[in-house]
Participant: 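Have a look at the structure that comes next, please.
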Amino acid sequence: MTTPLELQSLAVEIAREAGELAAHRRREGVNIAATKSALADIVTEADREVEELVRRRLHEARPGDGFLGEESGGADSETGLTWVVDPIDGTVNYAYGIPAYAVSIAAVQGSADPATWQALAGAVFNPAIDELFVAAHGEGARLVSSIEGERALRVAAEAPAAGALVGTGFGYDPATHAAALDQLATVMPIARDLRRIGAASLDLTAVAAGRLDAYYERGLHPWDMAAGSLIVAEAGGRFAWIPGHPSGRAMTIAATPALFPRLSEILSA
Ligand code: IPD
Ligand code: CA
């Protein structure tokens with residue numbers, strides 16, 4: 001039986017290697033390989049190369065495990081464990097040279113469905129500023145940062161009297177933007193200010209690190225939030241992935257325990 005901490009070690013080792021490759025390619029210059037669902041939804045040659053590396057390394061280490069990646073799709077699991085991978089989360093930041101992108105790798109028990117999986121281990125690595133966020137189920141979450149050093153992750157303690165610092169994101173489909181902006185207007189009364197970081201994995205780890213009080217976004221994919229959801233939970237935060245919206249796009253909410261009920265209530269109105 002492999003422990004969550006052993007899975008975490010493997011995720012970390014591969015996330016670091018993959019992140020170095022992404023940063024190296026970034027320094028060489030980024031080529032946009034294709035646009036996907038919408039004009040803003042781009043894939044670079046590096047996304048594909050990095051995912052290939054992660055997939056190959058995982059297969060070498062644990063050949064029977066399943067895989068779900070943003071760029072190369074899925075493979076069924078023979079072991080009951082599946083790796084859920086975003087090779088470069090924050091691809092638009094990556095393409096523009098904004099240092100907020102990350103490799104996100106998670107091991108989940110069960111199929112790659114956020115409604116039923118149990119996340120066991122996760123690593124989110126931002127190579128541009130050398131920050132690594134990790135968690136293993138039941139073992140807590142940690143930050144290893146060239147800026148902050150190494151520390152246990154803990155969500156912010158208090159509900160801030162002057163309002164919460166709230167992160168959000170907008171899907172790439174322009175048809176969803178008007179509704180997203182209307183919903184944002186309903187959240188602003190409890191917000192001190194708003195952040196749109198541009199990488200869901202980093203929004204989630206920001207909640208875990210107390211850098212944001214809350215984050216929500218509709219329409220995330222499993223690979224955007226598999227590792228981040230565990231990191232939030234292990235840092236004492238609350239995380240929910242709520243399917244069932246008529247649009248078919250689930251709502252993701254991560255927040256401090258103090259803020260979570262109020263934000264959930266606003267977002268479900
Ligand atoms: C996107 C980013 C973005 C979020 C989108 C995601 P990608 O992932 O996480 O912040 O708003 O919903 O799809 O395309 O950069 O890997
Ligand atoms: Ca992503």
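The basis for the numbers below is simple: all heavy atoms, side chains too, and nothing from hydrogens, waters or symmetry mates. In each ligand, atom 1 is the first atom listed, and ligand 1 is the first ligand listed.
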Participant: Give the atoms of ligand 1, by number and element, whose distance to some non-hydrogen atom of Thr91 is under 4.0 Å.
Facilitator: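 Answer, ordered by atom number: 15 (O), 16 (O).
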Participant: With respect to atom 8 (O) of ligand 1, which of Leu202, Thr168, Asp173, Asp89 exhibits the smallest heavy-atom separation?
Facilitator: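 Heavy atom nearest to atom 8 (O) of ligand 1 belongs to Asp89.
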Participant: Which atom name would you report as the N, O or S atom of Asp86 nearest the Ca ion (ligand 2)?
Facilitator: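 Answer by atom name: OD2.
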Participant: Say whether, by atom type as modelled, one donor and one acceptor occur between the side chain of Tyr215 and the main chain of Thr252 under 3.5 angstrom.
Facilitator: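 Judged by distance alone, no pair lies under 3.5 Å.
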Participant: Would you mind running through ligand 1 and noting each atom that sits below 4.0 Å from a heavy atom of Phe170?
Facilitator: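 Selected atoms, number and element: 11 (O).
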Participant: Would you say Gly169 has any N or O atom under 3.5 Å from an N or O of ligand 1, going by distance alone?
Facilitator: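 No, there is no polar N/O contact under 3.5 Å.
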Participant: Answer with side chain, backbone, both or neither: which part of Ala200 has a heavy atom less than 4.0 angstrom from an atom of ligand 1?
Facilitator: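 Both backbone and side chain of Ala200 come within 4.0 Å of ligand 1.
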Participant: If we ignore hydrogens and angles and just use 3.5 Å, is the side chain of Arg249 paired with the main-chain N or O of Gly219 as donor and acceptor?
Facilitator: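 Checked: no pair found.
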Participant: Do the side chain of Asp224 and the main chain of His221 share a donor and acceptor less than 3.5 angstrom apart?
Facilitator: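 Side chain of Asp224 to backbone of His221: a pair is present.
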Participant: Can you measure from CD (Glu71) to CZ (Arg48) and round to the nearest 0.5 angstrom?
Facilitator: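 Output value for this atom pair is 7.0 Å.
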Participant: Checking one value in my table: which N/O/S atom of Asp224 lies closest to the Ca ion (ligand 2)?
Facilitator: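 Closest to the Ca ion (ligand 2) among those atoms: OD1.
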Participant: Enumerate the atoms of ligand 1 whose separation from the nearest heavy atom of Leu220 is less than 4.0 angstrom.
Facilitator: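 With Leu220 as reference, the close atoms of ligand 1 come out as 12 (O).
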Participant: How does Asp203 reach ligand 1, if at all, at less than 4.0 Å between non-hydrogen atoms: by side chain, backbone, both, or neither?
Facilitator: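 It is neither; nothing of Asp203 touches ligand 1.
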Participant: Using modelled atom types and a 3.5 Å cut-off, is there a donor and acceptor pairing between side-chain atoms of Ser72 and backbone atoms of Gly69?
Facilitator: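 Not a single qualifying donor-acceptor pair exists.
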Participant: Could you list which atoms of ligand 1 come closer than 4.0 Å to a heavy atom of Asp224?
Facilitator: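 Reading through ligand 1 atom by atom, the close ones are 6 (C), 8 (O), 13 (O).
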Participant: Is the shortest side-chain heavy-atom distance between Ile253 and Phe239 below 4.5 Å?
Facilitator: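 Side-chain contact under 4.5 Å: no.
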Participant: Are Gly198 and ligand 1 in contact, using a heavy-atom cut-off of under 4.0 Å?
Facilitator: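 Yes, Gly198 has a heavy atom closer than 4.0 Å to ligand 1.
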Participant: Report, in ascending order of atom number, the atoms of ligand 1 lying under 4.0 Å from any heavy atom of Ile88.
Facilitator: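 Within the 4.0 Å cut-off of Ile88, ligand 1 contributes 16 (O).
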Participant: In terms of hydrophobic clustering (I, L, V, M, F, W, Y; side-chain heavy atoms under 4.5 Å; direct or indirect links), are Ile147 and Tyr101 co-clustered?
Facilitator: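 Ile147 does not cluster with Tyr101.
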Participant: What do we get for Ile197 next to ligand 1 when only non-hydrogen atoms under 4.0 Å count, side chain, backbone, both or neither?
Facilitator: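 Looking at Ile197 and ligand 1, no heavy atom falls under 4.0 Å.
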Participant: Could you tell me, atom by atom, which parts of ligand 1 come under 4.0 Å of a heavy atom of Tyr172?
Facilitator: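 Once the distances to Tyr172 are compared, the set is 1 (C), 7 (P), 8 (O), 13 (O), 14 (O), 15 (O).
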Participant: Verify, without hydrogens or angle tests, whether Thr2 (side chain) and Glu6 (backbone) share a donor-acceptor contact under 3.5 angstrom.
Facilitator: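 Between the backbone of Glu6 and the side chain of Thr2 there is no qualifying donor-acceptor contact (under 3.5 Å).
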Participant: Can a non-hydrogen atom of Gly219 be found less than 4.0 Å from any atom of ligand 1?
Facilitator: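 Flag not set, Gly219 not near ligand 1.
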Participant: Closest N/O/S atom of Asp89 to the Ca ion (ligand 2), by atom name?
Facilitator: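 Output for this pair reads OD1.
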Participant: For the pair Asn93 (side chain) and Ala100 (backbone), establish whether a donor and an acceptor sit closer than 3.5 Å, ignoring hydrogens and angles.
Facilitator: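 Between the backbone of Ala100 and the side chain of Asn93 there is a qualifying donor-acceptor contact (under 3.5 Å).
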